[in-house]
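Report on the structure given below.
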Amino acid sequence: MANYKKIKVPTNGEKISYKDGKLSVPNNPIIPYFPGDGTGLDLWKATQVVLDGAVLHAYGGKRKIVWMEVAAGLTSLKWYDKDTVLPEETLEAFKEFRVSIKGPLTTPVGGHKFVCLDCSKEQNEVAGKRPEKCVQCKSEWITPRFRSVNVGIRQKLDLYACVRPVRWYQGVPCPVKEPQKLDIVIFRENTEDVYAGIEFEKGTPDQKQVYEFLTKTMKKNFREDSGIGIKPISETGSKRLIRMAIQYAVDHKKPSVTMIHKGNIQKFTEGAFRDWGYEVAKTEFRDKIVTEQELWDDLNGKMPAGKVLIKDRIADQTFQQLLLRPDEYSVLATPNLNGDYLSDAAAAQVGGLGIAPGANIGDGIACFEATHGTAPKYTNLDKVNPGSLILSGVMMLEHMGWVEAAKLIIKGLEKQIASKRVTYDLERQMPGATTVKTSQFGAEIVKNMESLRETVAA
């Protein structure tokens, strides 16, 4: 076991192990977690109550999650020092204990930004200097902006697949007429594309050097006053992401995998992503898949039973078709940026990010997370919707093989929504609904489980 300085490893739990491509989960697994920044504290309190309640009701005390708090983002600046937003021992804990969960983290955007460590409020320079106090809560804990911790976790742990299930829950208000037709799982590549973070700021020596090389040596033509970003998409990264998506479709008996790309324009990056995907499908899953071309050229459009259809679509076309013909899509595999846009847009169709779960998964390591931001203006108000983090916990339980507890949470959540006792974001869209606090929402989901546990046999 690693020698941790700040993290306190519980003595009443055991580590999850990984062998031959499979997790081995004890009845008392140690799960690292951090609540997150801003509203993360409120969200985590409600989520932990729900997860613990589900495990208790599903297994009658025979299983229990042993929680281990770690730090990242603004919290780690207080645990460690004002320069450490992603501690090495947090990464080590994620590696050692295999499965983890986290709340939302602050990611300041652009310019000379600063962040309050107490309420997550972002603020600008004051007369060209660092602000002395937070404009919102008056705290003196102000730190300069930093690169995305979320991206850092994904890259340093090689969590190459961002997995986002998107489906509608009965009673959730949404903007489309038939939300039940959308039921997809998006596998978004997590480490490459523009999220590799290879950028050069306009006017810097590095930017000038890259500009000179591209314009003079490579004979490319673009404006000298450009910020420059590099978009790497590799065969290795593409194949392992698409392999995971196809394997998921096979294991869960999904009808299709669609590769989403902009290969009509970006032929050697996103076009290659598509080509490598077909190669993986044909060489590694030959007896389990049919390509769309084979379907029409060889099978007269009749899909064989038990096979997964492999197809591809242009990214902008997919945005339209998920609105017009959502039931034609099942599992989607995408490069990073397309998947970022697409997963949020799809979530909007079924009620928004408040009920959109997510996970970052690699080989033997998985981190489950809320998919929305920190909403700092609601910090400590016990107000925001914990649905995203709760449902990410559902994904975590499924990943661990604790499907009975996962099903119990889904049923408890659906019953809560049907009762119209919901957080403010849902209440304002539901006629006759009653607003409840974040903590109430979680507690009432657990209460719902007491009457539902007989329907989910352990």
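Hydrogens, waters and symmetry mates play no part in the numbers below; they use all other heavy atoms, side chains included. Each residue takes its place number in the sequence, starting with 1.
Annotation: salt bridge (charged side-chain N to carboxylate O under 4.0 Å, His left out) contacts of Asp340 (sequence neighbours excluded): Arg188.
A salt bridge between Arg313 and Glu292 is present, with a side-chain N of the basic residue lying under 4.0 Å from a carboxylate O of the acidic one. A salt bridge is absent between Glu404 and Lys407; no separation between the charged side-chain nitrogens and carboxylate oxygens falls under 4.0 Å. Between Glu270 and Lys231 there is a salt bridge, since at least one side-chain N of the basic residue sits less than 4.0 Å from a carboxylate O of the acidic one. The pair Asp316-Lys262 counts as a salt bridge, with a side-chain nitrogen and a carboxylate oxygen less than 4.0 angstrom apart. Salt-bridge annotation for Asp42 and Lys437: absent, with no side-chain N of the basic residue lying under 4.0 Å from a carboxylate O of the acidic one.
No side-chain donor from either of Thr318 and Gln321 sits under 3.5 Å from a side-chain acceptor of the other. Judged by distance alone, the side chains of Gln416 and Glu444 do bring a donor and an acceptor atom under 3.5 Å apart. When only modelled atom types and interatomic distance are considered, Trp67 and Asp52 share a side-chain donor-acceptor pair under 3.5 Å.
Screening Asp312, Thr283, Thr291 against Tyr278 for a side chain to side chain donor-acceptor pair (under 3.5 Å) leaves a single residue, Asp312.
Relative orientation of the Trp44 and Tyr33 rings is parallel, given thresholds of 30° and 60° on the angle between their planes.
Remark: the backbone N or O of Thr191 is paired with a side-chain donor or acceptor of Glu189 at under 3.5 angstrom. Side chain of Lys420 to main chain of Pro431: a donor-acceptor pair is present (N/O by atom type, distance under 3.5 Å, no hydrogens or angles).
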Solution key, residues 172-180 side-chain donor-acceptor pairs under 3.5 Å, sequence neighbours excluded:
residue	atom	partner	partner atom	Å
Glu178	OE1	Lys181	NZ	3.0

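Both the sub-6.0 Å distance and the 45° axial angle are satisfied by Arg167 relative to the ring of Tyr169.
The distance between the ring centers of Tyr211 and Phe222 falls below 6.0 angstrom.
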